[in-house]
Structures are given as structure tokens and as C-alpha cells.
Trainee: 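Next up is a structure, given as C-alpha cells.
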Number of protein chains: 2
Amino acid sequence: MKGNELDDIDRKILRTLSRDGRISNQKLAETVNLSATPCWHRVKALEDAGFITQYAALLDQRALGLPETVIIEVTLERHDDEIFQRFGDALAELPEVMEAYLLTGEYDYLIKVAVSGTDGYERFLRQKLYKIPGIRHSRSTFTLRCLKRVHSVTP
Amino acid sequence: MKGNELDDIDRKILRTLSRDGRISNQKLAETVNLSATPCWHRVKALEDAGFITQYAALLDQRALGLPETVIIEVTLERHDDEIFQRFGDALAELPEVMEAYLLTGEYDYLIKVAVSGTDGYERFLRQKLYKIPGIRHSRSTFTLRCLKRVHSVTP
DNA sequence: CGTGAAAGAGCCAATAC
DNA sequence: GTATTGGCTCTTTCACG
């Protein structure tokens, strides 16, 4: 992969694989109107160039007993590097935390967690999040409904 | 799958598949200390019971030219069903929108979008988001760094 | 970029234990 | 639950246009 330009076929390959990561090379080649060999070469090139980072099974958080998604915004006490480092590391280790971002603006962090109801949420806060030192303030928002959720941007 | 209880092997299968969705049944069986046949039956049962919703290739948004992640909170003008319905539908169709939630609390929606820099962000706002009627107020926050991002909760 | 061929690996069902 | 068998498909690589 020389220039990072993708043509229409590459994009179609990526779109197809992002919907079905287990599609066989043959079927993939059919859907993008290519024969098997060049299709396979393109897929390998896309993997090597970093467009495809991982193949994964996506799990249903509801089936796993964590149906609620809560957004938590957090501000830390003091803004020194060590506090930030420790807090980020501690967050990443919590299994309930699905996403965590360092922010510009009013709050320092935005965290998305999966919990089981309000009691699961309270347990997470008291037993997990508030055990991490350095939190000055936090604001939680329950999500009522998920309107859209894609694992990858659409190429 | 009768009772929705997962044993340790089921959880290990799910964890392994969520890391590598293309692992062969043989290797999967090895890693969970099972022989191929029962391992395959468990995987099928987990799929049928809805624990595994999809197999997917995960794409790198940076490689695809949309390195920035922006969080946008939105409040709508009037809170009637049709406005909500239209707004949700319109959001879901925008390719930049990776996640969109209906919220409790101060704002109506939380949206996560992938854009290319501040100019890509401005283009998204003016040409896409603000074209959807009904927005009263919005607040954007750029993410500086992603500390954690998992596609599925850890079983 | 394409075809065709061919070896090897893995899938999956049907066995029997 | 394990082990084995066998037909089958898919993968992967090769030579070649």
C-alpha cells in the first residue's frame, strides 16, 4: 500500500468485512466483483496498512447482564501528571468501563460504563470509581435508548 | 441454552472470541481446554442465545482519515414525539455519527462523532448536524486522548 | 489485474464411547 | 463430555496470461 488512497473496491471490502468479519474470501470476492486472488491480496494489504485493526466477536451487553449504559463526566482534584496517569490506568482496568476519554472543556474525563440497573450503577460508583483517589466532582447521566452504535466508522 | 448462566468455559470462549473473532474452532478449543466438538457446540449455543451478536472487522478511524473524536450534547426545541423520531432517524444516517444516545438529565442527546480536525468538525456541524431541524442548543467537546475503548463488555 | 489448479487446513456432521 | 472418521468447503500459494 503506497499512497493511502482507497478506491471504491477497497471501501466496499472494508464495509463488507465490518459487517461480517467471518465472511470467506470467496464470498467477499463475489460481493465486491473481484476474483478470489486479488481480493485476498487487497485484504492483506488493508490489514498491513492498518485499516483493519482487529477481527472480533461483538457481545451483547444486555445478554451479559449489563443492560444499562451510563455516561459519567469526571473532574480531578489536582491537575498534575501523576494523578492523571494513575487515574487513567485505574479506569482502564475496570471491566465496566467501555470507553474513557480525556477531554477539553469543562470536565477532565468522559467515561461510558455498562452496569446492571441503578443498583449496579451505585455499586460501581462506590466500590470502583470512588475508590480511585483524586476525583473532585462527577456527573452521571443514564442513557434511555441507544439510537445508533457502530463499532467502526463507515468507510 | 436453558438457564442463562454462563460457566467459566463459556466466559473464556466469549473473551477469546471478542479478542480474535477469526480464531479457528480448533485453536479456540485448545485455549479453553476442550476438544473441538463440545467447543463448537458451545459457540453455536452462545450465538443462538444472543451473547454473540456479530462478527466484525474493526477499522481504524485514524487510517480512514477521521482521527478526531468529538462528543456533542444536544437539546431539542420542542419535546414532541415526531421531532424526536425525525431527529433520531436523521442522526443514524450520518456516517460520522458513531454513537447516539437519548439521555436523562440536562441534555436530550449525546452523540459521538468521528471527524478530520477542526475543519472537518465545522463541516459536520454546518453541513450535517445543523441541517437537521429542531436543535435548540448544542455543546461540543473534543476528546484529547482515548484511554480505553472496548467494543464489548468483558464477560 | 485476472484465471485455474492443487495442496493443505479447517469445518461440521455422524459416528461410538 | 471425548475421540474418530469422512466429505466438504475454504484458504493459500503457485504458475501463467
Trainee: Does any pair with a residue in residues 136-150 of chain A pass salt bridge (Lys or Arg N to Asp or Glu O under 4.0 Å), and if so which ones, sequence neighbours excluded?
Mentor: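 Checked against salt bridge (Lys or Arg N to Asp or Glu O under 4.0 Å) - neighbours excluded - the pairs reaching residues 136-150 of chain A are A:Glu73-A:Arg139, A:Arg139-B:Glu73, A:Arg139-B:Glu106.
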
Trainee: Tell me, please, which residues at least two apart from A:Arg126 pass side chain to side chain donor-acceptor pair (under 3.5 Å).
Mentor: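 With sequence neighbours excluded, A:Arg126 shows a side chain to side chain donor-acceptor pair (under 3.5 Å) to A:Glu122, given in chain and number order.
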
Trainee: Side chains of residues 52-60 of chain A: which donor-acceptor partners sit under 3.5 Å, not counting sequence neighbours?
Mentor:
{"from": "A:Thr53", "atom 1": "OG1", "to": "B:Leu58", "atom 2": "O", "distance (Å)": "3.1"}
{"from": "A:Tyr55", "atom 1": "OH", "to": "A:Glu47", "atom 2": "OE2", "distance (Å)": "2.6"}
{"from": "A:Asp60", "atom 1": "OD1", "to": "A:Arg62", "atom 2": "N", "distance (Å)": "3.2"}

Trainee: If you pin B:Cys39 and A:Trp40 to their nearest nucleotides in DNA chain D, which one's is more 5'?
Mentor: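 Whichever sits nearer the 5' end wins; that is B:Cys39.
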
Trainee: Please identify the 5'-most and 3'-most nucleotides of DNA chain C with any atom under 4.0 angstrom from a heavy atom of chain B.
Mentor: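 Range of nucleotides within reach of chain B: C:dG10 to C:dA13.
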
Trainee: If you link I, L, V, M, F, W and Y whenever their side-chain heavy atoms are under 4.5 Å apart, who else ends up in the same group as B:Leu110?
Mentor: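 When side chains under 4.5 Å apart are linked, the cluster holding B:Leu110 also contains A:Ile71, A:Tyr101, A:Leu103, A:Tyr107, A:Leu110, B:Ile71, B:Tyr101, B:Leu103, B:Tyr107.
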
Trainee: Supply the members, apart from A:Trp40, of the Ile/Leu/Val/Met/Phe/Trp/Tyr cluster built from side-chain contacts under 4.5 Å; use none for a lone residue.
Mentor: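 Via sub-4.5 Å side-chain contacts, A:Trp40 links to none.
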
Trainee: Below 4.0 angstrom, N of the basic side chain to O of the carboxylate: do A:Asp89 and A:Arg86 qualify?
Mentor: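 Result for this pair is no, no salt bridge flagged.
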
Trainee: Residues in side chain to side chain contact (heavy atoms under 4.5 Å, CB included) with B:Phe142, at least two apart?
Mentor: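 Counting only residues at least two positions away or on another chain, B:Phe142 forms a side chain to side chain contact (heavy atoms under 4.5 Å, CB included) with A:Thr104, B:Glu68, B:Val70, B:Thr118, B:Tyr121.
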
Trainee: B:Phe87: what forms a ring-ring contact (aromatic ring centres under 6.0 Å, His included) with it, not counting sequence neighbours?
Mentor: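 For B:Phe87, the residues satisfying ring-ring contact (aromatic ring centres under 6.0 Å, His included) (neighbours in sequence not counted) are B:Tyr109.
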
Trainee: Counting only non-hydrogen atoms, which of residues 18-37 of chain A are less than 4.0 Å from DNA chain C?
Mentor: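 Per residue number, the list reads A:Leu34, A:Ser35, A:Thr37.
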
